[in-house]
Every structure is written in C-alpha cells, then in structure tokens.
Engineer: 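Before I ask anything, here is the structure I am working with.
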Amino acid sequence: MGPMTNPHPVSVKATFTLPAETISEVHDDKTCQPAVLGLPEGVTPTKPRAGNYKYSGMHDQGPVPAPREGGPYALLIGCVGRAKARSDELLSRLIREEKEALKKRKNKEADGTNKRNAA
C-alpha cells in the first residue's frame, strides 16, 4: 500500500500584486495547523460581549455544544487565518516603509529650505 494522502486536500493561495513585485503564497497542511474551533481545555463558557462572534460556548439561552474539531474545515480556517496574518504583516511592512520614505523626503526638503534660508 502506498503513502496515505489527504482525502480532502485544502489550500489557500494568496497573491499580492504590488507596483514593484508580485508575491504569491500557498497555505496548506504543510504550512498551517488546523484551527481550534472550540474553547481551550479548562476555559469556562461565558456569554460574549455584543459584536464578538468568536465561539464562547454560551448563547443567550445557555450553553452551546462544543463544535467538532479537526477535519478539512478546521484546516481551511487555519489556512485562511495564516493567509490573513501574512497579509497583515505585508501591509504593516508597506505602511512602515511609506512612513520612512515620507519622513526622509520631509527631512531632505527641510534641509534644502534651511540651506536656502542660511544663504
């Protein structure tokens, strides 16, 4: 019998097209962990605050059964979460680089203005 294969292959491909480059990443069972959908061990179910849609184990009418863990949907959620985290990292880097470039331009312009005023 050959190697076992995943009967439900799951992957998320994220592609970011920027002026200077295109970045593509594939998130799958080799790069992601399945998401834990329920509460961690030992955490007591509590009613969530308004606007919080994360699983809390509690609903208006009382406790909610724990979700089934594992499987292709848990992996899909894990892959999407990883893709979102990488997107956030990329956007944070781009914002930081733009701020640094703007600061350098302003400093350069200020130096030019100071040199003209001194002359």
Side-chain angles (χ1 to χ4, degrees):
M1 190 164 138
M4 294 195 56
T5 59
N6 184 349
H8 305 286
V10 173
S11 67
V12 172
K13 181 176 182 180
T15 302
F16 307 97
T17 304
L18 307 170
E21 63 183 321
T22 296
I23 301 168
S24 286
E25 298 177 345
V26 175
H27 305 283
D28 57 18
D29 62 340
K30 295 172 194 68
T31 60
C32 300
Q33 295 294 317
V36 175
L37 306 176
L39 296 173
E41 184 109 8
V43 173
T44 305
T46 57
K47 186 176 175 188
R49 292 181 179 218
N52 182 349
Y53 301 105
K54 192 171 185 178
Y55 179 82
S56 67
M58 190 70 70
H59 194 271
D60 291 342
Q61 288 77 32
V64 176
R68 286 183 276 166
E69 297 289 346
Y73 291 113
L75 181 56
L76 178 62
I77 293 167
C79 291
V80 169
R82 180 71 181 134
K84 181 187 179 307
R86 295 287 293 150
S87 172
D88 291 347
E89 291 171 14
L90 175 63
L91 292 173
S92 294
R93 186 194 92 200
L94 294 173
I95 290 168
R96 190 172 49 254
E97 288 172 358
E98 282 185 8
K99 282 183 178 180
E100 289 171 2
L102 180 61
K103 187 175 180 181
K104 285 180 182 178
R105 272 197 310 273
K106 284 184 177 182
N107 287 342
K108 191 173 184 179
E109 289 171 3
D111 287 346
T113 303
N114 290 340
K115 287 180 184 178
R116 282 193 300 269
N117 290 341

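This is a predicted model, so every value here is computed, not measured.
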Engineer: Give me each pair satisfying salt bridge (Lys or Arg N to Asp or Glu O under 4.0 Å) with a member in residues 33-49, each pair once, sequence neighbours excluded.
Structural biologist: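 Residue pairs with at least one partner in residues 33-49: Lys47-Asp60.
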
Engineer: Using a 4.5 Å cut-off between side-chain heavy atoms of Ile, Leu, Val, Met, Phe, Trp and Tyr, which other residues end up in the same hydrophobic cluster as Leu39?
Structural biologist: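 Direct or chained contacts put Leu39 with Val43, Tyr55, Val64.
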
Engineer: Excluding sequence neighbours, so at least two apart, what forms side chain to side chain donor-acceptor pair (under 3.5 Å) with Ser24?
Structural biologist: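 Ser24 satisfies side chain to side chain donor-acceptor pair (under 3.5 Å) with Thr15 once adjacent residues are dropped.
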
Engineer: Identify all side-chain donor-acceptor contacts of residues 73-85 below 3.5 Å with residues at least two apart in sequence or on another chain.
Structural biologist:
| residue | atom | partner | partner atom | Å |
| --- | --- | --- | --- | --- |
| Lys84 | NZ | Asp88 | OD2 | 2.9 |

Engineer: Ignoring hydrogens and angles, tell me if any N or O in the side chain of Ser56 forms a donor-acceptor pair with the backbone of Thr46 under 3.5 Å.
Structural biologist: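 At least one qualifying donor-acceptor pair exists.
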
Engineer: Give me each pair satisfying salt bridge (Lys or Arg N to Asp or Glu O under 4.0 Å) with a member in residues 10-23, each pair once, sequence neighbours excluded.
Structural biologist: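 Qualifying pairs: Glu21-Arg93.
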
Engineer: Who passes side chain to side chain donor-acceptor pair (under 3.5 Å) against Glu98, sequence neighbours left out?
Structural biologist: none

Engineer: Could I get the full list of side chain to side chain contact (heavy atoms under 4.5 Å, CB included) partners for Asn52, not counting sequence neighbours?
Structural biologist: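 Checked Asn52 against side chain to side chain contact (heavy atoms under 4.5 Å, CB included); matches are Pro48, Lys54.
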
Engineer: Tell me, please, which residues at least two apart from Glu25 pass side chain to side chain donor-acceptor pair (under 3.5 Å).
Structural biologist: His27, Arg86

Engineer: Return each pair, listed once, that meets salt bridge (Lys or Arg N to Asp or Glu O under 4.0 Å) where at least one residue sits in residues 67-79; pairs must be two or more places apart or across chains.
Structural biologist: none

Engineer: Tell me, please, which residues at least two apart from Glu100 pass salt bridge (charged side-chain N to carboxylate O under 4.0 Å, His left out).
Structural biologist: none

